[in-house]
> 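The following block contains the structure, expressed as structure tokens.
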Amino acid sequence: MTRRPCWVEIDTQAFESNVRLLMSQCAAEVLAVVKADAYGHGLTICAPAAVDAGARWLGVTTVEEGVAARAVCPAAEILVISGPYPFQGDAAVANRLTVVVWEPWQVAEMEQAARAVGRAAGSLAVHLEIDTGMSRQGIRPEEIASFLLHFEGDSPLRLDGVMTHLFAAEESDRRTTLEQLEALEPVLARVRDGGVRKAGLRPMWLNVGNSAATLDAETTGRLQELAAKYGMRLMLRPGLALYGVAPEFAPEEPATVAELRGLLRPVLSWKTRVVGLRRIEAGTLVGYNGSFVATEPMRVALLAVGYADGYRRSLGNRAEVLVGGQRVPVIGRVSMDQVTVDVTDVPGVAAGDEVVLLGRQGQECIRVEELAGLEGTIVWEVFTSIGARVERRAV
Ligand SMILES: *Cc1c(COP(=O)(O)O)cnc(C)c1O
């Protein structure tokens, strides 16, 4: 059976080229963030592609996502960024996932899971998150000494990474980022010097930084210095940039970022087809509540995409799509499963013609930034809103 014609195409060569670009430019370990179904691009396509391009580490949000990643990437290191939930320790251990911890109960969960399968002292690596100002995940810096007690004695856990999240790395004055690193330093010193009874925990990884940090050479330089000072290796965690989009820097974009932005290749195209065509007279209403009224005789094409696919309702009467290599406007409201567009000015449109909602057709291109602007949101949300029923095809 053929499927409803609403799909995304994932250019795996472009994705791999982006992975290699980031790996070559920052001289740090690059953990490829493939959470949320690889930002809507499809985990089963992107996770193996990241590994093929040379990434040794993958980042996911949950243990469930980690299990799914493990199924397609048997040899990768997989980091569970948002930690385990209760009763997920066993699955994490069985699937060789490295979890981030910051709550004592997460430590207990992992210890119990490790002991249940007879793991030796210090044999199960975890990363510890430090809250350096975002107030989301992580222990406060002043809690480090007491938290290190968890890694003493015969605990099966080994502290292998210290992690924090730079939550304003695209702010080009870097003030917040530097404050975060300042807050992190005493933690790194304390970890290096050891817990109360154990001297020197020697975690390997300083695990910091998203796409914005990875693209900003000055920030990565600072992070390299910090890692070197404490005898650690730097791990960066880009997500968005792997998918070919650079975050917007403000108030101004550093020159190195502008250069890299130009080298990133878009990965995702979102497509549908013309399902049917009709001619309407001036005065005819289009769509729910007749929010669009034809001002002249028009030709209207019906498309197989709607807000249930993630083509947001806020795009009604606002967005454009590509048909026959031309931009045409969405007219009327976006329905749950359908959209209507005005193809009056496009010669020769026929049922079955390919329509591009996001991506390139001929000389024209609809960029994800354009849709995000119209929707009043960020590009991350546009990507991750593309619905589960939209097929992901590797091309
Ligand atoms: C999502 C996420 C990233 C990746 O962020 P991008 O801006 O998409 O590069 C990195 N670290 C953490 C903790 C995240 O949650």
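All values below come from the heavy atoms of this structure, side chains included, with hydrogens, waters and symmetry mates left out. When a ligand or atom number is given, it counts from 1 through the structure's own listing order.
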> Before signing off on this row, confirm whether Gly239 and ligand 1 have an N or O atom pair separated by under 3.5 Å.
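Such a contact does occur with ligand 1.
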> So for atom CD, which belongs to Glu103, do other residues, nucleotides or ligands contribute more than 12 heavy atoms lying within a distance under 6.0 Å?
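It does: Glu103 CD has more than 12 such atoms within range.
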> Between Ile81, Val208, Leu215, Thr61, flag the one that comes closest to atom 13 (C) of ligand 1 by a heavy atom.
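That would be Ile81.
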> Strictly by modelled atom types, are Asn289 and Ser291 linked by a side-chain donor-acceptor pair under 3.5 Å?
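No, Ser291 and Asn289 have no side-chain donor paired with an acceptor closer than 3.5 Å.
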> Between His165 and ligand 1, find which residue part has any heavy-atom pair under 4.0 Å and reply side chain, backbone, both or neither.
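The answer is the side chain.
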> Counting only heavy atoms, which portion of Met134 has something under 4.0 Å from ligand 1: side chain, backbone, both, or neither?
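Neither part.
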> Using non-hydrogen atoms of the residue, decide whether Arg136 is closer than 4.0 angstrom to ligand 1.
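For ligand 1, residue contact (heavy atoms, under 4.0 Å) with Arg136 is present.
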> Measure the spacing between CD of Gln361 and OG of Ser269 and express it to the nearest 0.5 Å.
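It comes to 10.5 Å.
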> Side chains of Trp380 and Pro247: closer than 4.5 Å at any heavy-atom pair?
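When only atoms from C-beta onward are counted, Pro247 and Trp380 do touch, with a gap below 4.5 Å.
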> Check Asn210 against ligand 1 and report side chain, backbone, both or neither, counting heavy atoms closer than 4.0 Å.
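Asn210 to ligand 1: contacts from backbone and side chain alike.
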> Please say which of Leu268, Asp309, Leu357 ends up in a side-chain contact (heavy atoms from CB on, under 4.5 Å) with Val8.
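For Val8, the side-chain contact (heavy atoms from CB on, under 4.5 Å) check succeeds only for Leu268.
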> Heavy atoms only, cut-off 4.0 Å: how does Pro238 contact ligand 1, side chain, backbone, both, or neither?
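Only the backbone of Pro238 comes within reach of ligand 1.
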> State, with a plain yes or no, whether a side-chain heavy atom of Val334 is found less than 4.5 Å away from one of Arg312.
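A side-chain contact under 4.5 Å is absent here.
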